[in-house]
2 protein chains.
Amino acid sequence: MPADAKPIASVWTRPHHPQREQLTREQIVATAIKLLDSDGVEALSMRKLGARLGAGATSLYRHVANRDELVQLAVDDVYGELDLPASAERTQWRTTVARTAAEVRAMVLRHPWIAPELGQVGLIHIGPNATRMTAELLTQFEAAGFPADEKHEAAATLMSYVIGIATTEAAYVSLIARSGSTERAWVADHSPDFDQDADPRQLRENRFGYGLDRILDGLAARLEPGSDRAARWHGDEG
Amino acid sequence: MPADAKPIASVWTRPHHPQREQLTREQIVATAIKLLDSDGVEALSMRKLGARLGAGATSLYRHVANRDELVQLAVDDVYGELDLPASAERTQWRTTVARTAAEVRAMVLRHPWIAPELGQVGLIHIGPNATRMTAELLTQFEAAGFPADEKHEAAATLMSYVIGIATTEAAYVSLIARSGSTERAWVADHSPDFDQDADPRQLRENRFGYGLDRILDGLAARLEPGSDRAARWHGDEG
DNA sequence: CCGTTATGCGTACAGTGTGCGCATCGAGAG
DNA sequence: CTCTCGATGCGCACACTGTACGCATAACGG
């Protein structure tokens, strides 16, 4: 096939679009997340991201308004990873809500750079994926039996706890990762009285579970028939 | 007095220490906090801070290793503002702990830039003032009757909630402040179905109190004599 | 009087986000 | 086919950042 194969070969030797690699917003956000995961938030620069995509720095501005918006998009993309349970019936609300909390915590631990970002942007102008998660949690609390005007407070209580503890954990593990050590070795080094046989990852997990159980206990007490749930909570709080 | 007055006049025309204003670390940190409070964290630059102190940018490096360390010092300085209650006896642990939580929340709301910083540095390498606050909270829980191996988990539960909700609130209020509006006007603009007579600040306060009460309820249940408190929690948690 | 030490500061360098204008492409009109 | 046009990539430039380095000067101890 000396002559006939030429058109087929030329498809590979000379690509159809010499320098028009068709940079898309999805790809930009995806590789930005990869860069954020591996190198942290201060290592993300437009030039570096462009280079990783085989493009110039300012090319990205055709698809993204500025660096801040890019990070916002990355945050919401990460929210899209959540595998949220469907809101179950009243008897199983605890496990459903606990599973949602664990999902959010795991998300933050997978992408530790997201924690300071949540504190910077808050929950105001976040994207559709984060909104979906909030809505899902609200229906879970609704299914649990919380009245319409209290479910927001219940959800905020749980989410504040999850964001707070996951933020602390994320800062901790990313500090250790940046130091090039493992969690176990780091703990053994920095607190010599630590039990060598204990797994610090498991301890973190247990600590998360402890607080979660306390909070769900406190919330569940509002649902018990004997409690003064009928009294709207707005009036009697400081 | 044409010739004799010259030394006296020269005191004012030419000061004794032409350029030696004796920059101290405390002053640097203090004005850094002022700048952070008024203009936010991304507006703090060494040159701007130096200018506000009547000094060059690189002069600051004689007293502070780098910008990150400066922010760390500012964070711990802010922790020093806390007016923590003394740990009271067993019957009043709830009000004592609640007061500590409210103090921390107020601190974050006074200095909203601190929120992302807490997520970046975690609670690891924080300074003496933050350490003092953690220790104080631990003794408060100890006085409440929590066993030695559970008080850390109880304190972490409470603090995670406080940090999480205060972080969210801080992002929210600083976003509004940056937009140049007031909280009431902003809420009225962005959600027209909001009750015009309600005070959004008060609503935030109530929401904080709601979650705080739920969490303290859940923790208090661990202290009731009927509960299975004797069983150490480490084993039976997921 | 002369070192020594501590401190401020000017300069410089590498790196950042991003506005602007030019070059080049794919596609559609004639 | 040619010609135009909108979309896209990109080089350049500007203002700005943190900070390493070396020099100048002031206070101090002899």
Side-chain angles (χ1 to χ4, degrees), chain A residues 10-11 13-33 35-36 38-75 113 116-117 120-121 178, chain B residues 7 10-33 35-36 38-75 113 116-117 120-121 178:
Chain A
S10 74
V11 170
T13 55
R14 177 163 42 109
H16 189 204
H17 311 303
Q19 66 246 41
R20 184 62 67 102
E21 223 27 70
Q22 200 53 358
L23 216 50
T24 78
R25 172 185 272 206
E26 286 79 16
Q27 178 155 21
I28 291 175
V29 172
T31 63
I33 291 177
L35 222 160
L36 286 165
S38 62
D39 296 357
V41 70
E42 74 276 0
L44 174 69
S45 81
M46 303 303 271
R47 287 180 235 261
K48 239 179 283 190
L49 178 58
R52 180 160 307 202
L53 285 160
T58 58
S59 305
L60 309 174
Y61 285 86
R62 294 283 175 190
H63 305 267
V64 157
N66 48 36
R67 197 192 113 114
D68 274 1
E69 181 182 301
L70 172 63
V71 176
Q72 304 282 325
L73 291 171
V75 168
W113 50 270
E117 230 50 49
Q120 225 155 29
V121 73
R178 240 191 304 277
Chain B
S10 76
V11 170
W12 298 110
T13 54
R14 177 163 42 111
H16 186 207
H17 310 303
Q19 64 251 39
R20 185 61 66 103
E21 221 28 68
Q22 199 53 357
L23 217 49
T24 79
R25 172 185 271 207
E26 286 78 16
Q27 177 155 22
I28 291 175
V29 172
T31 62
I33 291 177
L35 222 160
L36 286 165
S38 61
D39 296 357
V41 70
E42 74 276 0
L44 174 69
S45 82
M46 303 302 271
R47 287 180 236 262
K48 238 179 284 189
L49 178 58
R52 179 159 310 200
L53 285 160
T58 59
S59 306
L60 310 174
Y61 285 87
R62 295 283 175 189
H63 306 268
V64 157
N66 48 35
R67 198 191 110 114
D68 274 1
E69 181 182 300
L70 172 63
V71 176
Q72 304 282 323
L73 291 171
V75 168
W113 50 270
E117 230 49 49
Q120 225 155 29
V121 73
R178 238 191 306 277

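Residue numbering restarts at 1 for every chain, and letters A, B, ... go by the order of the sequence lines.
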- Task: Scan T58(A) against the nucleic acid and name what it touches under 4.0 Å (heavy atoms): base, sugar-phosphate only, or nothing.
- Result: base
Determine the contact category for L44(B): base if any of its heavy atoms lies under 4.0 Å from a base atom, sugar-phosphate if only primed atoms, P, OP1 or OP2 are that close, otherwise nothing.
->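 Sugar-phosphate only.
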Report yes if the side chains of L44(A) and D39(A) come closer than 4.5 Å at any heavy-atom pair, otherwise no. no
* Asked: So do M46(B) and L70(B) actually touch side chain to side chain, heavy atoms under 4.5 Å?
  ->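 In contact.
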How many Å lie between [atom1] on [X] and [atom2] on [N], as a whole number?
{"X": "L60(A)", "N": "dG19(C)", "atom1": "CG", "atom2": "P", "result": "13 Å"}
{"X": "L23(A)", "N": "dC25(C)", "atom1": "CG", "atom2": "P", "result": "17 Å"}
{"X": "R62(B)", "N": "dC23(D)", "atom1": "CZ", "atom2": "C1'", "result": "10 Å"}
{"X": "L49(A)", "N": "dG9(D)", "atom1": "CG", "atom2": "C1'", "result": "15 Å"}
{"X": "K48(A)", "N": "dG17(C)", "atom1": "NZ", "atom2": "C1'", "result": "14 Å"}
{"X": "L70(B)", "N": "dT19(D)", "atom1": "CG", "atom2": "C1'", "result": "14 Å"}
{"X": "R25(A)", "N": "dT8(D)", "atom1": "CZ", "atom2": "C1'", "result": "15 Å"}
{"X": "M46(B)", "N": "dA14(C)", "atom1": "CE", "atom2": "P", "result": "21 Å"}

### Message
Does dA7(D) have OP1 or OP2 under 4.0 Å away from a side-chain N or O of H63(A)?
### Response
no
Report yes if at least one side-chain N or O of S59(A) is closer than 4.0 Å to OP1 or OP2 of dT8(D); otherwise report no. no
Between T24(B) and N66(A), the residue closer to the 5' end of DNA chain C by nearest nucleotide is T24(B)
Closest of dT19(D), dC10(D), dG8(C) to the Y61(B) side chain is dT19(D)
query = Out of dT19(D), dC9(C), dG17(C), which nucleotide sits closest to the side chain of S45(A)?
reply =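 Given the options dT19(D), dC9(C), dG17(C), the side chain of S45(A) is closest to dG17(C).
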CG (L35(A)) and NZ (K48(A)) are apart, to the nearest 0.5 Å, by 7.5 Å
- Is there a side chain to side chain contact (heavy atoms under 4.5 Å, CB included) between E117(B) and V41(B) once you walk through the steps? CA-CA 9 Å; E117(B) 230 49 49; V41(B) 70; 4.1 Å; yes
Heavy-atom donor-acceptor pair, H63(B) side chain to I28(B) backbone, under 3.5 Å: no
Side-chain donor/acceptor of R47(A) to base of dG15(C), under 3.5 Å: no
Can you tell me whether the side chain of R67(B) and the base of dG18(D) have a donor-acceptor pair closer than 3.5 Å? no
